[in-house]
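As structure tokens, the structure follows; a few thoughts come after it.
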Amino acid sequence: VTRLEGRMLVAKLTDYDRNFILLILRSPDLGDGWRQVSSVAWPLIDRFQSDALIEKDEVNLRVRLTEKGDTVAEYVA
């Protein structure tokens with residue numbers, strides 16, 4: 001993902017999406033980018049529209065940013 005693509009992705013995000021990515025970044029990294037999500041908060045993960053930015057592990061209730069998600073996070077943070 002180039003810098004231009006990253007800026008364009010950020011421009012397309014809603015405020016909810018931007019805040020969601022910041023929330024993911026504030027969660028402790030469990031290794032390999034995975035971050036644990038509580039069962040109470042999991043519905044928020046399901047509601048997140050940009051599947052190209054996050055990878056979901058529904059079995060272990062965890063989430064991580066994809067390569068595109070990492071690039072977007074650089075501009076959002």
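Given the structure is predicted, the values throughout are model-derived calculations rather than measurements. No hydrogens, no waters, no symmetry mates; every other heavy atom, side chains included, goes into these values.
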*To the nearest 0.5 Å, what is the distance between CH2 (W34) and CG (L65)?*
10.5 Å

*Do Y16 and V37 share a hydrophobic cluster (ILVMFWY, side-chain heavy atoms under 4.5 Å, transitive)?*
yes

*Please round to the nearest 0.5 Å and tell me the distance separating atom CD of E74 and atom CG of L25.*
10.5 Å

*asked:* Which residues pass the side chain to side chain contact (heavy atoms under 4.5 Å, CB included) test with L23, not counting sequence neighbours?
replied: R26

*asked:* Using the side chain to side chain contact (heavy atoms under 4.5 Å, CB included) criterion, which residues pair with S38? Sequence neighbours excluded.
replied: V40, A41

_Atom pair CZ (R18) and CG (L22), whose distance is rounded to the nearest 0.5 Å_ = 10.0 Å

_Residues that D29 engages under side chain to side chain contact (heavy atoms under 4.5 Å, CB included), provided they are two or more places apart_ = R35

*Does N19 have any side chain to side chain donor-acceptor pair (under 3.5 Å) partners at least two apart in sequence or in another chain, and if so, which?*
none

_Non-neighbouring partners of D51 that pass side chain to side chain contact (heavy atoms under 4.5 Å, CB included), sequence neighbours left out_ = K56

*Taking all non-hydrogen atoms of both residues into account, name the closest pair between A52 and T66 and its distance.*
O-OG1, 2.5 Å

*For E55, check side chain to side chain donor-acceptor pair (under 3.5 Å) against everything at least two apart and list the hits.*
R64

_Once rounded to the nearest 0.5 Å, what's the spacing between atom CH2 of W42 and atom CZ of R47?_
14.5 Å

*asked:* Does any part of the side chain of F20, heavy atoms only, come nearer than 4.5 Å to the side chain of I54, both counted from C-beta?
replied: yes

*So do the side chains of I45 and L61 get within less than 4.5 Å of each other, counting heavy atoms only?*
no

_Path from L44 to I24 over hydrophobic side-chain contacts below 4.5 Å_ = yes

